[in-house]
Amino acid sequence: MSIVKRLVILLPGFEHMPVEAHYRRFVREAGKTAPVYGMRFTEPSSLETSTAEAGVETGRFSLDTQGDDSSVRTDFVLYGLGDITLFYASRNPVIRLLSGLFALLDFIVSGTFFRFVTTSWRYALFFVYPLLVLAGIAAASLGAGYLIDDIFPNSPFVLPGTALLAFTCLLWFASAKLHLLLLMDDWTFARDMARGKCPEVMTKMENVIADAARQISQTSNDTEVIVAAHSLGAICALPVIDEALKHNQSRRYGLLTVGSSLLKVALHPAATRLRNCVAKVAQSKTTWIDAQSLTDPMNFYKSDPIRDLDIAKGRSPVLMQVRFRHQLCDETYKAIRRDFFRVHRQFVFGVDKRTRYSWHAILCGPQRFADIAARGGLPCEQTVCADDSLKIVGPAIT
């Protein structure tokens, strides 16, 4: 029986979720995925949380995975980046809206938006989305004001008052149902990361990077190390690997980015440090897998970070182009496909059918990360794996 020991650094995306919620979701979805891949999960220890080491809430837990001829102990360190996102969400709604607009303007004036267009036009549409929502709200509010003004033409306060009331109600609706203020916070955070603004947030991010690198450096050489990030967690994952390389360049680290928003920040001209981290990781022995999906409008589909950042030396990651419709039963896929936030989260949710990509099977399963990259995905027999469920692009790092 093969026995694998593994340490996984988990970096979630821009979600207002505490560590406990991320942990419950991971364990729940891992349990859903396990029988699909012929595995059994057990928890040798419950979640332990702390806040002192990284400046954000940190969770530690372990999972044991048993297969036909394998046993894996995976220790997880989960960083609650929700502590950072809640900093933005706790502000006054007007401030959240205005700072988001200012951030979007920054991305346009700096030319970053036009880099989105040439890198991934679908992501450029995602950039425009909140602006279209706001334009629709403004037009509808003004229309409501003129309509009521026609009914009560003699009052000078009817038009502005009605328009303001309609704007407030529609803004609340857009925030609750269309995630508008969350998107504004997301773009504000991205701008702050690119320009190194907001010292409180930057300090917490630096503490997470330093603490994660310390956790890795204390791990024995026979333990496999993977840094796994979803969405905007990727902008923290690359610096974590870069910092770990400063302690030990000879070790081969694993890097898994899924639904990555790395280029959202790295394409900004001010994000020099992040681009340097990407270059150093690409020039190291790190095995990097980047999972992308056409269905998800919030990731850079068909992008290659090394190519798109004009990094002259370094290997590209193994690019996995995932089809969610082939991982899920028809009812589940139909239920989520029009909710782009839920589709974006599917990268870290469980699956109904076996394909070459699964967040939980990669992080918890018996296959070593370097072997998965070299093979182009998880083992998947033709009888249970659709041909076009996943397309592999780019070289495996061996």
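No hydrogens, no waters, no symmetry mates; every other heavy atom, side chains included, goes into these values. Along the sequence shown, residues carry numbers from 1. Please read these numbers as outputs of a predicted model, since none were measured by experiment.
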* Asked: Are the side chains of Thr112 and Pro269 in touch, meaning some heavy atoms are under 4.5 Å apart?
  -> yes

* Does the side chain to side chain contact (heavy atoms under 4.5 Å, CB included) test come out yes or no for Met193 and Val201, once each step is laid out? -> CA-CA 9 Å; Met193 292 301 99; Val201 171; 3.5 Å; yes

* Asked: Going by heavy atoms in the side chains, are Pro379 and Tyr37 under 4.5 Å from each other?
  -> no

* Between Ser71 and Asp64, is any pair of side-chain heavy atoms under 4.5 Å apart? -> no

* Do we get Arg342 above Phe349's six-membered ring, with its NZ or CZ under 6.0 Å from the centre and within 45° of the axis? -> yes

* Do Lys5 and Asp75 sit within salt-bridge range, that is, some charged N less than 4.0 Å from a carboxylate O? -> no

* Asked: Would you call Asp290 and Val258 a side-chain contact if the rule is heavy atoms closer than 4.5 Å?
  -> no

* To do: Report yes or no: does Thr355 contribute a side-chain atom to a donor-acceptor pair with the main-chain N or O of Tyr357 at less than 3.5 Å?
  => yes

* Give a yes or no on whether the backbone of Cys364 and the side-chain of Thr65 come within a donor-acceptor separation of less than 3.5 Å. => yes

* Could you tell me whether Gln249 atom CD has more than 12 heavy atoms of other residues or ligands within 6.0 Å of it? => no

* Between Gln346 and Phe324, is there a donor-acceptor pair closer than 3.5 Å when you use the side chain of the first and the backbone of the second? -> no

* Could you grab the distance from atom CZ of Arg73 to atom CG of Leu63, nearest 0.5 Å is fine? => 9.5 Å

* To do: Ignoring hydrogens and angles, tell me if any N or O in the side chain of Ser90 forms a donor-acceptor pair with the backbone of Phe87 under 3.5 Å.
  => yes

* **Heavy-atom side-chain contact between His22 and Met17 under 4.5 Å** => yes

* Asked: Can you check whether Leu256 reaches Trp288 side chain to side chain, under 4.5 Å on heavy atoms?
  -> no

* To do: Taking Gln292 for its side chain and Asn299 for its backbone only, find out whether a donor-acceptor pair lies under 3.5 Å.
  => no

* Output field: ring centroids His360/Phe26 closer than 6.0 Å -> yes

* Decide if atom CZ of Arg273 counts as having more than 12 heavy atoms of other residues, nucleotides or ligands within a radius under 6.0 Å. => no

* Asked: So, do Trp187 and Phe127 have ring centers that fall under 6.0 Å from each other?
  -> yes

* Decide if the gap between the ring center of Phe300 and the ring center of Phe116 is smaller than 6.0 angstrom. => yes

* Answer yes or no: is there a donor N or O on one side and an acceptor on the other, between the side chain of Thr332 and the main chain of Leu328, under 3.5 Å? => no

* Before accepting this row, confirm whether a basic side-chain N of the pair Arg25/Glu15 lies closer than 4.0 Å to the acidic partner's carboxylate O. => yes

* Does the Ser260 side chain pair with the main chain of Leu262, one donor and one acceptor, at a distance under 3.5 Å? -> yes

* **CZ (Arg325) with more than 12 external heavy atoms under 6.0 Å** => no

* Hey, would you say the Phe126 and Tyr123 ring centroids sit under 6.0 Å apart? -> yes

* Ile372 backbone acceptor or donor facing Arg356 side chain under 3.5 Å -> no

* Do side-chain atoms of Arg6 reach the backbone of Leu363 as a donor and acceptor pair under 3.5 angstrom? -> yes

* Considering only NZ, NE, NH1 and NH2 on the basic side and carboxylate oxygens on the acidic side, decide whether Glu224 and Arg252 come within less than 4.0 Å. => no

* Check whether the side chains of Ser99 and Arg91 place a donor and an acceptor atom closer than 3.5 Å, and report yes or no. => yes

* Asked: Ring centres of Tyr129 and Phe340 under 6.0 Å apart?
  -> yes

* Asked: Does any N or O in the side chain of Thr203 come within less than 3.5 Å of the main-chain N or O of Pro199, such that one atom is a donor and the other an acceptor?
  -> yes

* To do: Rounded to the nearest 0.5 Å, what's the gap from CD on Gln283 to CG on Leu245? Could you check?
  => 10.5 Å

* Side-chain contact, heavy-atom cut-off 4.5 Å: Val240 with Val227? -> yes

* **N-O pairing of Asp352 and Lys32 below 4.0 Å** => yes

* **Whether over 12 other heavy atoms sit under 6.0 Å from Glu48 CD** => no

* Does a side chain donor of either Asp211 or Tyr79 reach within less than 3.5 Å of an acceptor in the other side chain? -> yes

* **Pairwise distance CG(Leu164) to CG(Leu159) - rounded to 0.5 angstrom** => 11.5 Å

* Asked: Is it true that the side chains of Ser303 and Thr119 contain a donor and an acceptor less than 3.5 Å apart?
  -> no

* How are the rings of His230 and Phe347 set to each other: parallel, tilted or perpendicular (split at 30° and 60°)? -> tilted

